[in-house]
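What follows is a short report on a single structure.
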Amino acid sequence: MNKGIAIYPGSFDPPTNGHLDLIQRGSKIFEELVVAILRNSEKSPMFSVAERLAMLRELTADLKNVRIDTFNGLMVEYAKSIDAVCILRGIRAISDYEYELQMALMNRKLEPTLETVFMMPADKYSYVSSRLVREVAQAGGPVKGLVPEVVEQKLQEKLDPAYKLQDMHIVEVPLSAKKSDKKRKRKT
Ligand code: PNS
C-alpha cells in the first residue's frame, strides 16, 4: 500500500471527539495526514476558521505526522496541490453513507487518481456530530465527553449566559423605548 499523504477535509465547526478519533486512526495509517478546514463554506459557522484552526492545532500537537491547514474551492484541487493520494472521511452510520458515496464518486470524477478511504470512529462517538453539539450547547445542554475539553471551554465562552443576557437587554430596551416614544408622539 502506498502510504503517502492523506487529506481529511471538513468543516470542523467545532471539532468533536469523533473527528479527533478519526484523526488518531488516520495518523497511524498514513505517512502524513493533513486536516483541511473548508474556508468558503456557505453555512454561517459558529467558530471562525482561525478559531477552528487553533483548536485543531492544539488538539493534534502530539501527533507529529498531522498537519492542520485550510482550503478554498475544490477539495480535489487542494489535495493535488499538496500531493495527497487519498481522501479520508468518517462514516458513523448507514445514514452517512449515501452522502459520502455521492461525494466520493464526484471527487473521483473530478480527480480519478485520488482514492477516498472511509473509516469508522469508535462506536461511542457514532451519534456525535458538530451540528448536534452546536444545537445541544446553544440550548444550554452538556457536551462533556462529546468534544475535547478545549472545545467545551470555547463553546462555553461563546455561549456565556452573561453575553446572552446582555443581548436580551439590548433588544428589550429599544422596544419598550419605542412604545413610549410612540405614545409620546401621539400625544403631541
Ligand atoms: O464536514 P463536512 O461539512 O461534511 O465537509 C464537507 C466538505 C468540506 C468535505 C465538502 O463540502 C467539500 O469538500 N467542499 C469543498 C468543495 C468541493 O470540493 N465540493 C465537491 C465535493 S463532491
Side-chain angles (χ1 to χ4, degrees), residues 4-27 29-30 32-60 63 66-138 143 145-148 150-152 154-155 158:
I5 301 171
I7 171 177
Y8 178 35
S11 307
F12 307 103
D13 184 35
T16 67
N17 279 341
H19 290 134
L20 204 58
D21 181 276
L22 216 75
I23 293 170
Q24 282 158 353
R25 288 173 199 277
S27 73
I29 290 184
F30 301 102
E32 187 182 5
L33 183 65
V34 179
V35 180
I37 307 166
L38 176 65
R39 281 204 305 270
N40 59 340
S41 169
E42 281 169 20
K43 308 170 202 166
S44 50
M46 176 181 246
F47 290 96
S48 70
V49 171
E51 286 172 318
R52 286 176 269 160
L53 192 71
M55 284 189 276
L56 279 165
R57 284 206 171 129
E58 191 176 335
L59 292 168
T60 57
L63 300 171
V66 172
R67 190 158 60 83
I68 317 295
D69 200 3
T70 66
F71 74 103
N72 243 335
L74 270 187
M75 192 264 292
V76 292
E77 289 299 327
Y78 169 75
K80 267 198 303 183
S81 76
I82 59 161
D83 294 327
V85 293
C86 207
I87 302 163
L88 173 65
R89 290 285 290 173
I91 289 203
R92 292 159 298 191
I94 294 291
S95 49
D96 282 340
Y97 181 71
E98 219 169 314
Y99 169 65
E100 292 297 335
L101 175 71
Q102 209 179 2
M103 198 156 73
L105 293 179
M106 178 60 82
N107 283 329
R108 180 182 282 167
K109 169 84 182 146
L110 294 167
E111 182 47 64
T113 61
L114 266 173
E115 286 298 336
T116 298
V117 168
F118 294 126
M119 289 180 82
M120 285 77 67
D123 55 355
K124 62 182 170 184
Y125 302 130
S126 61
Y127 63 95
V128 179
S129 71
S130 296
R131 186 181 63 80
L132 283 183
V133 163
R134 286 197 306 270
E135 215 170 287
V136 170
Q138 273 164 340
V143 290
L146 308 182
V147 292
V150 53
V151 177
E152 202 185 331
K154 295 277 176 211
L155 278 165
K158 220 163 245 292

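Ligands are counted one by one from 1 in listed order, and the atoms in each one are counted from 1 as well. Reckoned from all heavy atoms, side chains included, excluding hydrogens, waters and symmetry mates.
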Pairing residues for Tyr8 by the ring-ring contact (aromatic ring centres under 6.0 Å, His included) criterion, not counting sequence neighbours: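 By the ring-ring contact (aromatic ring centres under 6.0 Å, His included) rule, Tyr8 matches Phe12.
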
Point-to-point distance, once rounded to the nearest 0.5 Å, from CD1 of Ile23 to CG of Leu56: 5.5 Å

Met119 atom CE, over 12 foreign heavy atoms within 6.0 Å: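 Enclosed.
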
Between the protein and ligand 1, which nitrogen or oxygen pairs come in under 3.5 Å, and how far apart is each?
unit_1, atom_1, unit_2, atom_2, d
ligand 1, 1 (O), Ser11, N, 3.1
ligand 1, 3 (O), Ser11, OG, 2.6
ligand 1, 3 (O), Lys43, NZ, 3.3
ligand 1, 4 (O), Arg89, NH2, 3.0
ligand 1, 5 (O), Arg89, NH1, 3.3
ligand 1, 18 (O), Met75, N, 2.8

Residue list, side chain to side chain donor-acceptor pair (under 3.5 Å) with Ser130, at least two apart or on another chain: none

Closest non-hydrogen atom pair between Gln138 and Met46, with its separation: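 The answer is NE2-CE, 3.4 Å.
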
N/O donor to acceptor pairs below 3.5 angstrom from side-chain atoms of residues 75-86, sequence neighbours left out:
unit_1, atom_1, unit_2, atom_2, d
Tyr78, OH, Asp69, OD2, 2.6
Lys80, NZ, Glu111, OE1, 3.3
Ser81, OG, Tyr78, O, 2.6

